[in-house]
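Lettering follows sequence order; numbering is per chain, from 1. These figures come from a predicted structure and were not determined experimentally.
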Amino acid sequence: MNAERATRRFFATDPGSLAKKLIGQTLVRVLDDGTRLAGIIVETEAYLGQRDKAAHSYKLHRSARNEPMYAPPGTAYVYFTYGMHHCFNVVAGAIDEPVAVLIRALEPQEGESLIRLNRSRGDERRRENLRISDLCSGPGKLCQALHIDRSLNGVDLAMDPRLFILRTKTRRVADTKLTNTVRVGIDSAGDWKNRRLRWYLTASPHVSVRKGQNPRRQPV
DNA sequence: ATGACGATTTACT
DNA sequence: GTAAATCGTCATA
(Lines give C-alpha, C1' and ligand atoms only; values in the text may rest on other atoms or scores of the structure.)
Protein backbone atom coordinates (compact mmCIF):
# COMPACT_ATOMS: atom_id res chain seq x y z
CA MET A 1 0.00 0.00 0.00
CA ASN A 2 1.51 3.23 -1.20
CA ALA A 3 4.99 1.81 -1.45
CA GLU A 4 7.50 3.17 -3.93
CA ARG A 5 10.99 2.17 -4.90
CA ALA A 6 13.57 4.41 -3.24
CA THR A 7 15.37 6.62 -5.75
CA ARG A 8 18.85 8.15 -5.71
CA ARG A 9 17.52 11.19 -3.85
CA PHE A 10 16.39 9.03 -0.92
CA PHE A 11 19.97 7.85 -0.32
CA ALA A 12 21.70 11.20 -0.85
CA THR A 13 21.93 12.28 2.76
CA ASP A 14 24.27 11.87 5.71
CA PRO A 15 24.64 8.26 6.89
CA GLY A 16 23.10 8.90 10.32
CA SER A 17 19.92 10.28 8.78
CA LEU A 18 19.77 7.49 6.23
CA ALA A 19 20.28 4.88 8.94
CA LYS A 20 17.16 6.17 10.71
CA LYS A 21 15.13 6.61 7.50
CA LEU A 22 15.84 3.03 6.47
CA ILE A 23 14.25 1.53 9.58
CA GLY A 24 10.75 0.42 8.64
CA GLN A 25 11.47 0.33 4.89
CA THR A 26 11.50 -2.98 3.01
CA LEU A 27 14.57 -4.58 1.46
CA VAL A 28 13.63 -6.59 -1.63
CA ARG A 29 15.77 -9.24 -3.34
CA VAL A 30 14.61 -10.68 -6.67
CA LEU A 31 16.37 -13.90 -7.67
CA ASP A 32 17.26 -14.79 -11.26
CA ASP A 33 14.23 -17.08 -11.50
CA GLY A 34 11.97 -14.23 -10.37
CA THR A 35 11.52 -15.41 -6.80
CA ARG A 36 11.03 -12.48 -4.49
CA LEU A 37 12.48 -12.36 -0.97
CA ALA A 38 11.88 -9.39 1.30
CA GLY A 39 12.12 -8.11 4.84
CA ILE A 40 11.45 -4.96 6.83
CA ILE A 41 14.65 -3.27 7.96
CA VAL A 42 14.72 -3.18 11.77
CA GLU A 43 18.38 -2.44 12.57
CA THR A 44 21.06 -0.25 10.96
CA GLU A 45 24.46 1.29 11.66
CA ALA A 46 26.02 4.44 10.18
CA TYR A 47 29.69 4.54 9.09
CA LEU A 48 30.99 8.07 8.75
CA GLY A 49 33.96 7.68 6.44
CA GLN A 50 37.21 9.65 6.62
CA ARG A 51 37.02 10.54 10.32
CA ASP A 52 35.40 7.28 11.51
CA LYS A 53 38.02 4.85 12.80
CA ALA A 54 35.55 1.94 12.50
CA ALA A 55 34.82 2.60 8.81
CA HIS A 56 36.56 0.78 5.97
CA SER A 57 37.04 4.24 4.47
CA TYR A 58 38.83 5.67 7.52
CA LYS A 59 41.41 8.26 6.45
CA LEU A 60 39.98 7.93 2.95
CA HIS A 61 41.42 4.45 2.61
CA ARG A 62 40.50 3.24 -0.87
CA SER A 63 40.99 -0.24 -2.34
CA ALA A 64 39.32 -2.80 -4.57
CA ARG A 65 37.24 -3.98 -1.63
CA ASN A 66 35.72 -0.67 -0.54
CA GLU A 67 35.61 1.03 -3.93
CA PRO A 68 31.77 1.05 -3.95
CA MET A 69 31.82 3.37 -0.93
CA TYR A 70 33.13 6.07 -3.29
CA ALA A 71 30.33 5.45 -5.77
CA PRO A 72 27.09 7.50 -5.89
CA PRO A 73 24.56 7.25 -3.04
CA GLY A 74 22.27 4.26 -3.44
CA THR A 75 25.10 1.93 -4.44
CA ALA A 76 25.31 -1.47 -2.71
CA TYR A 77 28.54 -2.21 -0.87
CA VAL A 78 28.77 -5.95 -0.17
CA TYR A 79 31.91 -7.37 1.38
CA PHE A 80 33.07 -10.80 2.57
CA THR A 81 34.37 -11.18 6.11
CA TYR A 82 35.55 -13.78 8.63
CA GLY A 83 36.14 -16.11 5.69
CA MET A 84 32.47 -17.04 5.54
CA HIS A 85 30.01 -14.15 5.85
CA HIS A 86 28.81 -11.28 3.72
CA CYS A 87 27.73 -7.85 4.93
CA PHE A 88 25.43 -5.53 2.98
CA ASN A 89 25.70 -1.74 3.11
CA VAL A 90 23.80 1.07 1.43
CA VAL A 91 26.08 3.89 0.28
CA ALA A 92 24.92 7.31 1.52
CA GLY A 93 26.15 10.89 1.15
CA ALA A 94 27.51 12.03 -2.20
CA ILE A 95 29.82 10.64 -4.86
CA ASP A 96 33.44 10.36 -3.63
CA GLU A 97 32.22 10.74 -0.04
CA PRO A 98 32.76 7.20 1.35
CA VAL A 99 29.95 6.93 3.90
CA ALA A 100 27.47 4.07 4.25
CA VAL A 101 24.81 2.35 6.31
CA LEU A 102 25.20 -1.30 7.35
CA ILE A 103 21.92 -3.22 7.30
CA ARG A 104 22.04 -5.41 10.41
CA ALA A 105 18.61 -7.07 10.72
CA LEU A 106 15.31 -7.66 8.96
CA GLU A 107 11.87 -8.86 9.86
CA PRO A 108 11.13 -11.53 7.19
CA GLN A 109 8.25 -10.42 4.99
CA GLU A 110 8.21 -12.43 1.75
CA GLY A 111 9.55 -15.87 0.85
CA GLU A 112 9.98 -17.20 4.36
CA SER A 113 10.15 -20.83 3.29
CA LEU A 114 13.08 -20.19 0.94
CA ILE A 115 14.72 -17.91 3.49
CA ARG A 116 14.49 -20.76 5.98
CA LEU A 117 16.07 -23.11 3.45
CA ASN A 118 18.87 -20.62 2.71
CA ARG A 119 19.63 -20.37 6.41
CA SER A 120 19.63 -24.09 7.12
CA ARG A 121 22.77 -25.13 5.16
CA GLY A 122 21.10 -28.28 3.92
CA ASP A 123 20.38 -29.46 7.47
CA GLU A 124 16.71 -30.35 7.66
CA ARG A 125 16.76 -30.60 11.43
CA ARG A 126 18.18 -27.11 11.64
CA ARG A 127 15.60 -25.77 9.18
CA GLU A 128 12.80 -27.00 11.40
CA ASN A 129 14.33 -25.67 14.57
CA LEU A 130 15.18 -22.16 13.35
CA ARG A 131 12.95 -19.57 14.96
CA ILE A 132 11.65 -16.74 12.81
CA SER A 133 13.73 -14.34 14.87
CA ASP A 134 16.86 -16.34 13.92
CA LEU A 135 16.40 -15.93 10.17
CA CYS A 136 17.62 -12.37 9.52
CA SER A 137 18.81 -11.14 12.93
CA GLY A 138 22.35 -10.17 11.95
CA PRO A 139 24.29 -8.73 8.98
CA GLY A 140 25.68 -12.10 7.90
CA LYS A 141 22.41 -13.92 8.48
CA LEU A 142 20.33 -11.58 6.32
CA CYS A 143 22.79 -11.84 3.45
CA GLN A 144 22.64 -15.63 3.60
CA ALA A 145 18.84 -15.46 3.90
CA LEU A 146 18.33 -13.21 0.84
CA HIS A 147 21.20 -14.61 -1.29
CA ILE A 148 23.16 -11.38 -1.14
CA ASP A 149 26.82 -11.92 -2.04
CA ARG A 150 29.62 -10.17 -3.90
CA SER A 151 27.85 -10.63 -7.22
CA LEU A 152 25.67 -7.73 -6.00
CA ASN A 153 28.61 -5.57 -4.91
CA GLY A 154 28.39 -2.17 -6.57
CA VAL A 155 24.87 -2.49 -7.98
CA ASP A 156 22.63 0.57 -8.12
CA LEU A 157 19.80 0.09 -5.61
CA ALA A 158 17.80 2.77 -7.43
CA MET A 159 17.86 0.86 -10.74
CA ASP A 160 18.91 -2.79 -10.44
CA PRO A 161 16.05 -5.30 -10.72
CA ARG A 162 17.71 -7.74 -8.30
CA LEU A 163 18.01 -5.56 -5.20
CA PHE A 164 16.17 -2.44 -4.02
CA ILE A 165 14.47 -0.62 -1.16
CA LEU A 166 10.69 -0.31 -1.04
CA ARG A 167 9.75 2.87 0.70
CA THR A 168 6.42 3.56 2.35
CA LYS A 169 5.96 7.21 1.61
CA THR A 170 3.25 8.08 4.08
CA ARG A 171 4.83 6.29 7.03
CA ARG A 172 8.01 6.82 8.88
CA VAL A 173 9.01 5.17 12.15
CA ALA A 174 8.96 7.72 14.95
CA ASP A 175 12.24 8.32 16.79
CA THR A 176 10.51 7.33 20.01
CA LYS A 177 10.21 3.77 18.73
CA LEU A 178 13.94 3.53 18.05
CA THR A 179 16.84 2.65 20.32
CA ASN A 180 20.03 4.56 19.53
CA THR A 181 23.19 2.95 20.88
CA VAL A 182 26.78 1.99 20.10
CA ARG A 183 27.78 -0.12 17.11
CA VAL A 184 28.52 -3.84 17.28
CA GLY A 185 31.86 -5.58 16.67
CA ILE A 186 34.18 -2.58 16.38
CA ASP A 187 36.25 -3.00 19.54
CA SER A 188 39.44 -1.64 18.00
CA ALA A 189 37.93 1.67 16.92
CA GLY A 190 39.17 3.68 19.92
CA ASP A 191 36.86 6.49 20.99
CA TRP A 192 34.68 5.87 17.93
CA LYS A 193 33.36 2.70 19.51
CA ASN A 194 31.47 4.88 21.98
CA ARG A 195 29.60 6.87 19.34
CA ARG A 196 25.92 6.01 19.18
CA LEU A 197 25.61 5.25 15.49
CA ARG A 198 23.38 2.18 15.72
CA TRP A 199 19.59 2.26 15.55
CA TYR A 200 17.02 -0.45 15.97
CA LEU A 201 13.30 -0.86 16.37
CA THR A 202 13.04 -1.23 20.13
CA ALA A 203 10.05 -3.56 20.10
CA SER A 204 11.32 -5.86 17.34
CA PRO A 205 12.26 -9.45 18.19
CA HIS A 206 14.27 -9.58 14.93
CA VAL A 207 17.15 -7.40 16.15
CA SER A 208 20.65 -8.94 16.25
CA VAL A 209 21.82 -8.21 19.81
CA ARG A 210 20.33 -6.27 22.66
CA LYS A 211 22.20 -4.44 25.35
CA GLY A 212 23.00 -6.86 28.15
CA GLN A 213 21.02 -9.69 26.66
CA ASN A 214 22.07 -12.88 24.96
CA PRO A 215 19.98 -13.17 21.75
CA ARG A 216 20.04 -16.96 22.03
CA ARG A 217 18.04 -16.79 25.21
CA GLN A 218 15.25 -14.67 23.81
CA PRO A 219 11.80 -16.24 24.16
CA VAL A 220 9.98 -17.45 21.08
C1' DA B 1 56.03 -13.81 1.10
C1' DT B 2 54.14 -13.86 5.60
C1' DG B 3 51.18 -13.11 9.54
C1' DA B 4 47.42 -10.87 11.96
C1' DC B 5 42.82 -9.89 11.94
C1' DG B 6 37.99 -8.97 10.84
C1' DA B 7 31.26 -3.98 10.55
C1' DT B 8 30.15 -12.69 12.30
C1' DT B 9 27.85 -16.89 13.48
C1' DT B 10 27.54 -21.16 15.70
C1' DA B 11 28.25 -24.82 18.88
C1' DC B 12 29.75 -26.20 23.05
C1' DT B 13 31.61 -26.30 28.25
C1' DG C 1 30.79 -17.70 29.22
C1' DT C 2 34.63 -19.48 25.40
C1' DA C 3 36.26 -21.09 21.05
C1' DA C 4 36.18 -22.73 16.32
C1' DA C 5 35.27 -22.02 11.59
C1' DT C 6 37.69 -20.02 7.40
C1' DC C 7 39.77 -16.78 3.86
C1' DG C 8 40.23 -12.10 1.76
C1' DT C 9 42.51 -7.92 2.92
C1' DC C 10 46.04 -5.28 4.66
C1' DA C 11 50.46 -3.95 6.78
C1' DT C 12 55.08 -5.20 7.06
C1' DA C 13 59.34 -7.09 5.11
Side-chain angles (χ1 to χ4, degrees), chain A residues 15-16 18-19 22-23 27 41-70 75-93 98-106 108 115-154 180-200 206-218:
Chain A
L18 182 60
L22 280 167
I23 305 276
L27 176 65
I41 297 170
V42 297
E43 178 183 349
T44 57
E45 284 178 358
Y47 286 84
L48 273 44
Q50 183 171 15
R51 63 205 175 97
D52 181 355
K53 196 173 180 191
H56 290 167
S57 51
Y58 177 54
K59 290 179 175 172
L60 292 183
H61 173 78
R62 189 169 186 162
S63 64
R65 177 175 72 153
N66 76 347
E67 185 62 30
M69 293 189 82
Y70 291 81
T75 298
Y77 170 37
V78 183
Y79 67 89
F80 184 63
T81 190
Y82 289 100
M84 64 191 87
H85 300 295
H86 296 275
C87 289
F88 166 60
N89 296 255
V90 177
V91 174
V99 296
V101 175
L102 173 68
I103 308 301
R104 285 195 57 90
L106 306 174
I115 284 174
R116 194 171 281 279
L117 194 62
N118 290 342
R119 289 277 295 120
S120 65
R121 302 173 318 216
D123 182 340
E124 186 165 346
R125 180 73 168 267
R126 174 177 161 84
R127 173 167 49 119
E128 293 166 355
N129 291 337
L130 277 172
R131 294 167 296 185
I132 293 185
S133 60
D134 288 327
L135 296 179
C136 299
S137 52
K141 294 179 187 178
L142 73 90
C143 283
Q144 184 180 45
L146 299 199
H147 262 297
I148 295 172
D149 59 25
R150 275 173 296 182
S151 69
L152 294 171
N153 189 31
N180 175 216
T181 184
V182 297
R183 293 174 292 184
V184 177
I186 53 161
D187 295 333
S188 57
D191 29 322
W192 278 88
K193 73 172 178 286
N194 298 316
R195 293 286 299 269
R196 309 207 311 178
L197 292 169
R198 174 180 176 227
W199 288 267
Y200 63 85
H206 303 278
V207 161
S208 62
V209 288
R210 277 164 193 290
K211 189 156 48 175
Q213 194 175 68
N214 186 331
R216 238 176 300 298
R217 306 240 186 260
Q218 277 180 44

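- Of the possible donor and acceptor atoms, none in the side chain of A:Asn153 sits under 3.5 Å from a partner among the backbone N and O of A:Pro68.
- Taking atom OH of residue A:Tyr47 and atom P of nucleotide B:dG6, one finds them 13 Å apart after rounding to whole Å.
- Atom CG in A:Asp187 sits roughly 12 Å away from atom C1' in B:dT8 (whole-Å rounding).
- Figure legend: cation-pi geometry between A:Arg150 and A:Phe80, with NZ or CZ positioned under 6.0 Å from the six-membered ring centre and within 45° of its axis.
- The interatomic distance linking A:Asn129 (CG) with B:dT10 (C1') rounds to 14 Å, in whole Å.
- The side chain of A:Arg104 places an N or O atom within less than 4.0 Å of a non-bridging phosphate oxygen (OP1 or OP2) of B:dT8.
- Separating the CZ atom of A:Arg183 from the P atom of B:dT8 is a distance of 11 Å, rounded to the nearest angstrom.
- Rounded to the nearest 0.5 angstrom, A:Asp149 CG and A:His85 NE2 are separated by 14.5 Å.
- Distance check, rounded to the nearest 0.5 Å: NZ of A:Lys141 to CG of A:Leu106 gives 11.5 Å.
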Between N or O atoms, less than 3.5 Å apart, protein on one side and nucleotides 4-10 of chain C on the other: list the pairs.
from	atom 1	to	atom 2	distance (Å)
C:dT6	O2	A:Tyr82	O	2.5
C:dC10	OP1	A:His61	NE2	3.0
C:dC10	OP1	A:Ser63	OG	2.7
C:dC10	OP2	A:Ser63	OG	3.4

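- Remark: the backbone N or O of A:Arg51 is paired with a side-chain donor or acceptor of A:Trp192 at under 3.5 angstrom.
- Between C:dT6 and B:dT2, the two P atoms lie 23 Å apart (nearest whole Å).
- Considering CD of A:Glu124 and CG of A:Asn129, their distance stands at 10.5 Å, rounded to 0.5 Å.
- Atom-to-atom, CG of A:Leu142 to C1' of B:dT9 comes out at 13 Å; the value is rounded to the nearest Å.
- OP1 or OP2 of B:dT10 has at least one side-chain nitrogen or oxygen of A:Lys141 nearer than 4.0 Å.
- Here the side chain of A:Asn180 pairs a donor or acceptor atom with the backbone of A:Arg196 at under 3.5 angstrom.
- Helical stems involving DNA chain C, defined as 3 or more consecutive Watson-Crick or G-U pairs under 3.5 Å, span B:1-6 with C:7-12, B:8-12 with C:1-5.
- Between the P atom of B:dA7 and the CG atom of A:Asn89 lies a distance of 11 Å, rounded to the nearest Å.
- To the nearest angstrom, P of B:dT8 lies 9 Å from CD1 of A:Ile186.
- One can place CD1 of A:Ile148 at 15 Å from P of B:dT8, the figure rounded to the nearest angstrom.
- If you find the closest nucleotide of DNA chain B to A:Ser188 and to A:Ser137, the one lying nearer the 5' end belongs to A:Ser188.
- One finds no side-chain N or O of A:Arg119 lying less than 4.0 angstrom from the OP1 or OP2 phosphate oxygen of B:dT9.
- For the atom pair NE2 (A:His56) and CZ (A:Arg62), the distance works out to 16.0 Å, reported to the nearest 0.5 Å.
- C:dG1 and B:dA7 are spaced 22 Å apart, taking the P atom of each and rounding to whole Å.
- Remark: A:Thr75 OG1 to A:Asn89 CG distance equals 11.5 Å, nearest 0.5 Å.
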